[in-house]
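These notes are about the structure you will find just below.
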Amino acid sequence: MTTQAADLDAMGSLRRTHGCGSITRAQVGEEVVVAGWVHRRRDHGGVIFVDLRDRDGIVQVVFRPETSPESHDRAGSLRSEWVLLARGIVEARSAETVNSKMPTGEIEIDIQELRILNAATPPPFSIEEETEADEAVRLRHRLHDLRRPPLQRALAIRHQVARAMRESLSGQDFLEIETPMLARATPEGARDFLVPSRLQPGDFYALPQSPQIMKQLLMVAGLDRYYQMARCFRDEDQRADRQLEFTQVDLEMSFVGVEDVLEVLERVTVDACRAAGVELERPFRRMSFEDAMTRYGCDRPDTRILLELVEMTDIFETSGFKAFASAVEQGGIVKCLPIHDAEAISRSEIDRLEKLVRKELGARGLGWIRIDENGEWRSPIVKFLSDDEKGAIAERTEARPGSLLFFQADAFERANAILSRLRIDLGERLERTDGREWDALFVVDFPLFEADEKGRLGYVHQPFVAPLDEDLPKLDSDPISVRGTHYDVIMNGVELGSGSLRNHRPDVQRRILEVMGYTEAEMEKSFGFMLEALEVGAPPHGGFAFGFDRMAMVLAKADSLRDVIAFPKTQRGQDLLMHAPSAVDAGQLDELSIRVRPTEKG
RNA sequence: GGGGAAGUAGCUCAGAUUGGUUAGAGUACUGGCCUGUCACGCCAGAGGCCGCGGGUUCGAACCCCGUCUUCCCCGCCA
């Protein structure tokens with residue numbers, strides 16, 4: 001659709017004097033010039049009101065035939081989202097016409113001169129605080145969506161947080177250093193985005209998944225303290241909190257231990273949040289990975305939710321209740337989520353929850369016991385339990401009339417994932433929270449290795465994480481129990497970022513790769529230049545990477561990364577506004593020595 | 001790769017779990033009227049490949065099969 005031919009004006013020498021949202025009673029009587037978009041128009045035949053909107057806010061401008069017949073006449077043709085420049089006198093509204101719902105509702109501008117700078121096609125949906133438009137529609141019409149206040153606020157918060165983090169890190173003696181976007185493909189980790197090389201036909205660059213290796217090389221090179229607002233790329237399936245391309249506030253520092261890094265992280269996090277108007281309590285709480293999993297079933301707990309899980313595995317080791325006992329026998333666990341005063345959870349609600357965890361998380365079922373007002377145990381599973389088991393359950397969960405107990409008997413990961421999901425769902429719905437708005441904490445002491453189903457060890461985070469000094473001897477004797485120096489910063493149940501000390505000694509790095517089953521040749525192929533770098537005098541070093549988009553999401557109280565990124569991609573990786581990715585000319589492919597295999601899609 | 005939800009007017013949605021006239025509403029849009037509205041109001045009008053492709057049927061928005069798109073989740077993402 002194209003715009004109607006309209007009689008348009010040039011700006012001439014007229015310039016804006018105020019943002020729409022910043023005009024108050026203080027300007028009454030002054031002449032002002034405002035510029036923006038027609039938010040709404042109310043034409044009374046005589047007087048015409050236009051709500052004019054810019055980044056700053058909305059102000060009512062008035063066109064009266066008696067003030068300026070010409071402006072009034074032309075205002076009649078205005079439509080939504082047309083672009084105006086208008087000069088007029090700020091007037092106080094009479095008591096009856098004050099609009100208390102608008103920040104600028106006490107004043108209006110009597111327009112003397114109107115310049116229509118541009119017309120506009122009708123917007124696909126109205127530009128409001130809240131929109132009901134489908135997300136696909138919002139993404140296709142991203143320019144209109146970006147005009148909505150929540151998105152404008154989110155981008156402003158994003159800017160403020162970025163500025164504060166740069167300032168904070170500069171103030172702590174970090175240098176901002178850029179690293180290449182055209183980097184080397186890595187065999188490990190996420191799928192790479194590849195970029196074909198014209199000058200080296202048949203070879204490819206890879207867009208960096210993160211600057212991990214490059215920042216370690218900077219430490220070896222003696223730059224001491226580095227940071228970067230780093231664009232990162234991972235060609236993996238997306239989620240509400242994962243985009244193909246995203247931004248990390250990446251940092252690394254030399255001659256430090258865990259405490260030194262955490263001190264920096266705490267300062268940066270506090271400074272960043274303050275820039276978004278959020279004051280965090282210091283010091284941040286610390287929690288071990290083990291503690292987090294035991295009590296919350298999750299390595300990024302939202303500790304504002306007061307519900308906690310209870311360990312039950314030992315009770316059911318030799319139970320007559322086959323469903324639980326066999327889970328334990330197969331190396332799994334039994335855990336319980338007790339909820340007291342749970343009368344509000346109906347039987348049909350329990351069925352709904354069971355269906356949910358079966359479908360979404362692969363639960364085998366959802367065991368539950370309700371203790372009614374008379375102390376009777378109402379439950380489909382209670383008939384399988386011995387008196388001893390019932391006694392132990394009651395004692396550990398502090399069950400009482402009104403309590404509802406949810407059980408999972410499954411593999412460690414799954415049982416915890418399911419109960420953690422229920423904990424968050426029900427904790428929020430029943431408002432079992434401590435009332436704090438913000439909850440920042442460090443989770444520390446992650447295991448270095450995890451075993452796959454065949455018992456082979458792999459790294460939990462990445463292959464360069466240094467072990468805790470005191471666990472170093474166990475690298476040979478009991479590697480699975482070796483704890484890493486890895487740490488996470490968690491806020492409101494969202495992982496803001498993670499980091500660790502790195503292996504600076506080549507012998508330790510090699511030993512860790514050996515434990516994971518790498519042969520000498522594989523080590524050379526995958527990590528050759530890293531291992532070489534450690535040989536040229538690598539200082540002890542460690543660092544961190546904040547998921548900057550996630551920080552903005554949490555601080556803007558958004559539910560999706562797409563609401564804090566100007567031009568995000570859909571779950572299928574498409575940009576619905578600019579239509580990327582797209583086919584390219586045969587000539588372009590030819591230059592790159594690339595031939596595309598035809599697909600069904602064409 | 002797998003599971004789920006959705007797809008009807010620009011937008012948000014009805015359209016019986018029972019297939020049957022010309023597919024409706026609100027809003028937005030267009031024209032007219034209106035000098036104190038602020039979700040302005042009143043009158044009139046226009047607007048539809050019922051996501052797409054097959055099939056069943058005398059007849060399909062509706063039933064069946066496939067497919068595409070968006071969102072949520074699992075896998076995946078050090």
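Quick caveat: nothing in here was measured; it's all calculated off a predicted structure. In what follows, chains are A, B, ... by sequence order, proteins preceding strands, each numbered from 1.
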So does [X] get a side-chain nitrogen or oxygen closer than 4.0 Å to the phosphate oxygens (OP1/OP2) of [N]?
{"X": "A/Thr570", "N": "B/U70", "value": "yes"}
{"X": "A/Gln571", "N": "B/C72", "value": "yes"}
{"X": "A/Arg138", "N": "B/U70", "value": "no"}
{"X": "A/Arg239", "N": "B/C74", "value": "yes"}
{"X": "A/Arg140", "N": "B/C11", "value": "no"}
{"X": "A/Arg550", "N": "B/C77", "value": "no"}

Distance-minimising heavy-atom pair for [X] and [Y]:
{"X": "A/Val482", "Y": "A/Pro467", "answer": "CG1-CB, 3.8 Å"}
{"X": "A/Ala292", "Y": "A/Asp299", "answer": "CB-CA, 4.4 Å"}
{"X": "A/Arg93", "Y": "A/Ile107", "answer": "NE-O, 3.0 Å"}
{"X": "A/His72", "Y": "A/Phe63", "answer": "CD2-O, 3.4 Å"}
{"X": "A/Val137", "Y": "A/Phe125", "answer": "CG1-CD2, 3.9 Å"}

Taking the [atom1] atom in each of [N] and [M], what is the distance between them to the nearest angstrom?
{"N": "B/G26", "M": "B/C62", "atom1": "C1'", "result": "23 Å"}
{"N": "B/U8", "M": "B/G15", "atom1": "C1'", "result": "9 Å"}
{"N": "B/C50", "M": "B/A61", "atom1": "P", "result": "8 Å"}
{"N": "B/C71", "M": "B/A46", "atom1": "C1'", "result": "33 Å"}
{"N": "B/A5", "M": "B/C63", "atom1": "P", "result": "14 Å"}
{"N": "B/U69", "M": "B/U57", "atom1": "C1'", "result": "29 Å"}
{"N": "B/A9", "M": "B/G51", "atom1": "P", "result": "8 Å"}
{"N": "B/C42", "M": "B/U35", "atom1": "C1'", "result": "16 Å"}

Can you identify which nucleotide, out of [options], has its nearest atom closest to the [X] side chain?
{"X": "A/Thr97", "options": "B/C77, B/C72, B/C38", "answer": "B/C38"}
{"X": "A/Arg242", "options": "B/G10, B/U12, B/C76", "answer": "B/C76"}
{"X": "A/Val137", "options": "B/C77, B/U12, B/U69", "answer": "B/U12"}
{"X": "A/Gln60", "options": "B/C72, B/U37, B/U12", "answer": "B/U37"}
{"X": "A/Met102", "options": "B/G75, B/C38, B/C71", "answer": "B/C38"}
{"X": "A/Pro65", "options": "B/U35, B/C71, B/C76", "answer": "B/U35"}
{"X": "A/Glu108", "options": "B/C77, B/U37, B/G1", "answer": "B/U37"}

Watson-Crick or G-U wobble partner for [N], using a 3.5 Å limit on both distances?
{"N": "B/U67", "value": "B/G51"}
{"N": "B/G75", "value": "none"}
{"N": "B/C42", "value": "B/G32"}
{"N": "B/C58", "value": "B/G20"}
{"N": "B/A25", "value": "B/U12"}

Checking side-chain polar atoms at under 3.5 Å, does [X] have a donor or acceptor matched by the opposite partner on [Y]?
{"X": "A/Ser500", "Y": "A/Arg502", "value": "yes"}
{"X": "A/Asp549", "Y": "A/Gln243", "value": "no"}
{"X": "A/Tyr459", "Y": "A/Glu188", "value": "yes"}
{"X": "A/Gln60", "Y": "A/Arg42", "value": "yes"}
{"X": "A/Gln209", "Y": "A/Thr186", "value": "yes"}

Query raised in the report: Aromatic ring centroids of A/Phe527 and A/Phe464 under 6.0 Å?
Result: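 Yes.
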Requested in this report: Scan nucleotides 39-48 of chain B nucleotide by nucleotide, 5' to 3', and note B when protein non-hydrogen atoms come under 4.0 Å of the base, S if they reach only the sugar-phosphate, - if neither.
Outcome: SB--------
What does [X] touch in the nucleic acid at a heavy-atom separation under 4.0 angstrom: a base, only the sugar-phosphate, or nothing?
{"X": "A/Gln212", "answer": "base"}
{"X": "A/Arg79", "answer": "sugar-phosphate"}
{"X": "A/Glu66", "answer": "base"}
{"X": "A/Gly189", "answer": "sugar-phosphate"}
{"X": "A/Val460", "answer": "sugar-phosphate"}

Once you round it to whole Å, what is the distance between [atom2] of [N] and [atom1] of [X]?
{"X": "A/Trp82", "N": "B/C29", "atom1": "CH2", "atom2": "P", "value": "12 Å"}
{"X": "A/Arg93", "N": "B/U35", "atom1": "CZ", "atom2": "P", "value": "19 Å"}
{"X": "A/Glu91", "N": "B/U37", "atom1": "CD", "atom2": "C1'", "value": "15 Å"}
{"X": "A/His579", "N": "B/U69", "atom1": "NE2", "atom2": "C1'", "value": "13 Å"}
{"X": "A/Ile111", "N": "B/U35", "atom1": "CD1", "atom2": "P", "value": "20 Å"}
{"X": "A/Glu128", "N": "B/U27", "atom1": "CD", "atom2": "P", "value": "14 Å"}
{"X": "A/Lys569", "N": "B/C71", "atom1": "NZ", "atom2": "C1'", "value": "18 Å"}
{"X": "A/Gln209", "N": "B/C77", "atom1": "CD", "atom2": "P", "value": "10 Å"}

Query raised in the report: Does the aromatic ring of A/Phe125 sit over the six-membered base ring of B/C11, closer than 5.5 Å centre to centre and tilted less than 30°?
Result: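 Check failed, A/Phe125 does not stack on base of B/C11.
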Report task. Indicate the ring-plane relationship of A/Phe446 and A/Phe289, choosing parallel, tilted or perpendicular according to the 30° and 60° boundaries. Result ->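 It falls in the tilted class, 30° to 60°.
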Report task. Enter the distance from A/Leu422:CG to A/Ile350:CD1 here, rounded to the nearest 0.5 Å. Result ->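 Those atoms lie 10.5 Å apart.
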Requested in this report: Return the set of residues passing side chain to side chain donor-acceptor pair (under 3.5 Å) with A/Gln228 (not counting sequence neighbours), or none when no residue passes.
Outcome: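 Expected list: A/Thr179, A/Tyr226.
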Where do N or O atoms of nucleotides 3-8 of chain B meet protein N or O atoms at under 3.5 Å, pair by pair?
none

**Report entry** Residue closer to the 5' end of RNA chain B, A/Leu139 versus A/Ser210 (nearest nucleotide)
**Finding:**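 In this pair, the answer is A/Leu139.
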